Number of protein chains: 2
Amino acid sequence: MHLRQVRSFVVVARFSSFTRAADLLNLTQPALTVQIRQLEQSLGVKLFDRNTRAVELTRIGREMLPVLERLLGEFDAVVANAREMANLRYGTVRIAALPSVAATVLPPLIARFKERHPQIRVVLRDSVGERINAAVRDEAVDFGIGSDIEPDAELETVPLFEDVMRAVVPAAHPLADAVEIRLDRLIEEPLILMDKGSSVRSLIDRAFADGGHLVVPAYEVTYMSTAVGLVRAGLGIAILPSTAIELRMEAELPSLAIGNPVLRRPITLVLKAGRSLPPAAEALRDMLTSWEA
Amino acid sequence: MHLRQVRSFVVVARFSSFTRAADLLNLTQPALTVQIRQLEQSLGVKLFDRNTRAVELTRIGREMLPVLERLLGEFDAVVANAREMANLRYGTVRIAALPSVAATVLPPLIARFKERHPQIRVVLRDSVGERINAAVRDEAVDFGIGSDIEPDAELETVPLFEDVMRAVVPAAHPLADAVEIRLDRLIEEPLILMDKGSSVRSLIDRAFADGGHLVVPAYEVTYMSTAVGLVRAGLGIAILPSTAIELRMEAELPSLAIGNPVLRRPITLVLKAGRSLPPAAEALRDMLTSWEA
DNA sequence: CATATTCATAAAGGAATTTTATTACTGAAA
DNA sequence: TTTCAGTAATAAAATTCCTTTATGAATATG
């Protein structure tokens, strides 16, 4: 049985006429006659009683019509649904991102995306690096945004931008007017750092270790806003990603570039290798990769 | 979208392999590749991520698989259902018949039919002549069995057999040993006749009228069994169709042929003109027309 | 590094479907 | 009753579509 035949059956039944049905279907009448005959043969039952003057459903045809019509409608709905996904008029994008990115870079991007594609749902999950990779691996998310991804055959990474660390100092601090500070100079100050396990912290620990230092932070916090609060209270200097600083504090607190070495954190897109994305996710990814910060 | 493509989709998904799926579908692998590509194009979305080493559903493919599988199953169920009807393994036959026929000739016939086709349901409705025709006309029944059908463009009739009227007399009646009786001789007896409106009664009234007589029955009954009861009580002579007498009373009561004129009632099959019958109804009709009483 | 396996592609062949042209039938009108 | 108009069925030709054959490209395995 072919769907085309079923479609023809429904139209012939509706019009009680092969000629008019053929018109609507953009077919010639003999083609339609053949289609109905084939459908009847594949079902083994007559669907229409027809002569040159009238076409009428048989009892069995009458019984089958609503059933087949419903099934046809469901098929069409599936197709329509798929096409809406293809046209970005329906769908969901699932992302896992580092909290710093999820809180700063992504919101305006997602806002622009929603503006363009209001019917697409975006699910954003903030997680630490390792969980991002895991989520991408089991396809719990369409893609992830992380940092410092170790090479993994299952994962494919695309560099997005580099996040440079800056030192955030209290307004009253003697360094407040400086432009840049060397990393080893910071060791003398009470430091406010992110928890161990965060990608920002690993980067800082590694940099200090490379310089022969061991950091003992004055405060360890989970959220960047806490770090900012501690700085504002004059309790120490925080080392935070520049994206977060630019977006969240504006001119409120002074921040200094860190030199020698510059602390860079590459922010990368994480994709499951060899897997295509749903159209909506692809569109968002494209906006992300072509994005000028 | 074609059902064939959907079928292929399901099989490829099940096997995660074009080659093995093609095997199962009795196709070559390139043909299958083309089918899946076409399906993807008609839907506008990728269903599989594939390389030469692995075939895996995309997220959208994974979402669509159960839906399409269900729809495919429903289609197959419709086809299977139709084929079972064609093979007389499922279906219903609806008949409207005169009460005398419904009570006597049909039961053994239906019994034989059910023996041969146990899964077919037979719905038998007993009605008077006019209602039989109406039921056939609006296709409330597949066919009818009546008598004395006036020509009607919408109806087609097939003679089945002739029902001959006989006089049923009480065992103690002086005529009990006779073989035949003339119709005009019956007028002298107390007669037990069916209600006006029944086809048996019309036949009798007409016959008497032709002979210049007006019948005034001693009893008018609705059911033949009532008539038989009255005869058994010695209250009169009943004029009943021979089929009914043979089948229901056996040797219990004597009955006489009626001569000059013989009262015949043609029993005919009534069909809606130009309409085909469902397979089950056709089978029962065939048994009926080829039946030796 | 070679090999075997697997999916993709292109061209040729074959199958199925559609169109064109015609016939046969039916109901309505002359 | 006959004719006419309209309709579905049929047959053959043309076309479209699909499948196969042959081959290529990619990748994991030994």
Side-chain angles (χ1 to χ4, degrees), chain A residues 1-43 45-58 61 151-156 272-276, chain B residues 1-43 45-58 61 137 151-156 271-276:
Chain A
M1 187 173 63
H2 298 260
L3 280 182
R4 177 113 47 85
Q5 297 166 350
V6 177
R7 251 177 246 289
S8 298
F9 165 61
V10 170
V11 177
V12 171
R14 176 127 307 149
F15 284 152
S16 290
S17 158
F18 280 70
T19 307
R20 269 179 295 160
D23 247 26
L24 188 89
L25 292 164
N26 291 317
L27 276 176
T28 57
Q29 167 263 316
L32 196 50
T33 295
V34 171
Q35 279 192 15
I36 298 295
R37 183 172 45 219
Q38 285 174 342
L39 181 60
E40 287 178 327
Q41 275 169 1
S42 78
L43 293 173
V45 295
K46 260 188 104 178
L47 296 171
F48 294 106
D49 279 316
R50 44 198 185 274
N51 53 37
T52 65
R53 214 61 206 166
V55 175
E56 206 157 344
L57 285 166
T58 60
D152 182 328
E154 272 192 87
L155 300 180
E156 179 192 332
K272 179 132 179 165
R275 293 295 152 76
S276 63
Chain B
M1 187 172 62
H2 298 260
L3 280 182
R4 177 113 47 85
Q5 297 166 349
V6 178
R7 252 177 246 286
S8 299
F9 165 62
V10 170
V11 177
V12 172
R14 178 128 305 151
F15 284 152
S16 291
S17 160
F18 281 69
T19 308
R20 270 179 294 160
D23 248 25
L24 188 89
L25 292 165
N26 291 319
L27 275 176
T28 57
Q29 167 263 316
L32 196 49
T33 294
V34 170
Q35 280 192 15
I36 297 296
R37 183 172 46 220
Q38 286 174 341
L39 180 60
E40 287 177 328
Q41 276 169 1
S42 78
L43 292 173
V45 296
K46 259 189 103 178
L47 295 171
F48 295 105
D49 279 317
R50 44 199 186 274
N51 52 39
T52 65
R53 218 58 209 167
V55 175
E56 206 157 345
L57 285 166
T58 60
R137 246 191 298 267
D152 182 327
E154 272 192 88
L155 300 180
E156 179 192 332
L271 296 152
K272 180 131 179 163
R275 293 295 153 77
S276 62

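So that the names make sense, note that chain A is the first sequence line, chain B the second, and so on, each numbered from 1. Keep in mind the model is a prediction, meaning the values are calculated, not measured.
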Are any of [X]'s side-chain N or O atoms less than 4.0 Å away from OP1 or OP2 of [N]?
{"X": "B/Gln29", "N": "C/dT5", "answer": "no"}
{"X": "B/Thr19", "N": "C/dC7", "answer": "yes"}
{"X": "B/Arg37", "N": "C/dT9", "answer": "yes"}
{"X": "A/Thr33", "N": "D/dA8", "answer": "no"}

What is the separation between atom [atom1] on [X] and atom [atom2] on [N], rounded to the nearest whole Å?
{"X": "A/Leu27", "N": "D/dA8", "atom1": "CG", "atom2": "C1'", "result": "15 Å"}
{"X": "B/Asn26", "N": "D/dT20", "atom1": "CG", "atom2": "P", "result": "9 Å"}
{"X": "A/Leu25", "N": "C/dT18", "atom1": "CG", "atom2": "C1'", "result": "13 Å"}
{"X": "A/Arg50", "N": "D/dG6", "atom1": "CZ", "atom2": "C1'", "result": "17 Å"}
{"X": "A/Ile36", "N": "D/dT7", "atom1": "CD1", "atom2": "C1'", "result": "15 Å"}
{"X": "B/Leu47", "N": "C/dC7", "atom1": "CG", "atom2": "C1'", "result": "16 Å"}
{"X": "B/Asp23", "N": "D/dT20", "atom1": "CG", "atom2": "P", "result": "12 Å"}
{"X": "A/Gln35", "N": "C/dT17", "atom1": "CD", "atom2": "C1'", "result": "8 Å"}

remark   = Residues at least two apart in sequence or cross-chain that pass side chain to side chain donor-acceptor pair (under 3.5 Å) with A/Ser17, listed by chain then number, are none
For residues [X] and [Y], report the shortest heavy-atom separation together with the two atoms involved.
{"X": "B/Ala273", "Y": "B/Ala153", "answer": "CB-O, 3.6 Å"}
{"X": "A/Ala22", "Y": "A/Leu32", "answer": "N-CD2, 3.3 Å"}
{"X": "B/Lys272", "Y": "B/Leu155", "answer": "CA-CD2, 4.5 Å"}

message = Using a 3.5 Å distance criterion without hydrogens, assess whether the side chain of A/Asp49 forms a donor-acceptor pair with backbone atoms of B/Ser276.
response = yes
query = Which is true for B/Thr28 with a 4.0 Å heavy-atom rule: it touches a base, it touches only sugar-phosphate, or it touches nothing?
reply = base
ask   = Which of residues 1-17 of chain A sit near DNA chain D, with a heavy atom under 4.0 Å from it?
value = A/Ser17
request  = List the protein contact pattern of nucleotides 24-30 of chain D with one symbol per nucleotide (5' to 3'): B for base contact, S for sugar-phosphate-only contact, - for none; contact means a heavy-atom distance under 4.0 Å.
outcome  = -BBBS--
Side chain to side chain contact (heavy atoms under 4.5 Å, CB included) assessment of B/Phe9 paired with B/Leu57 = CA-CA 10 Å; B/Phe9 165 62; B/Leu57 285 166; 3.7 Å; yes
message = Do the side chains of B/Asp152 and B/Arg137 get close enough for a salt bridge, i.e. N-O under 4.0 angstrom?
response = yes
key: side chain to side chain contact (heavy atoms under 4.5 Å, CB included) assessment of B/Arg4 paired with A/His2   = CA-CA 8 Å; B/Arg4 177 113 47 85; A/His2 298 260; 3.5 Å; yes
query = side chain to side chain contact (heavy atoms under 4.5 Å, CB included) between B/Val12 and B/Gln35: does it pass, once the steps are laid out?
reply = CA-CA 11 Å; B/Val12 172; B/Gln35 280 192 15; over 6 Å; no
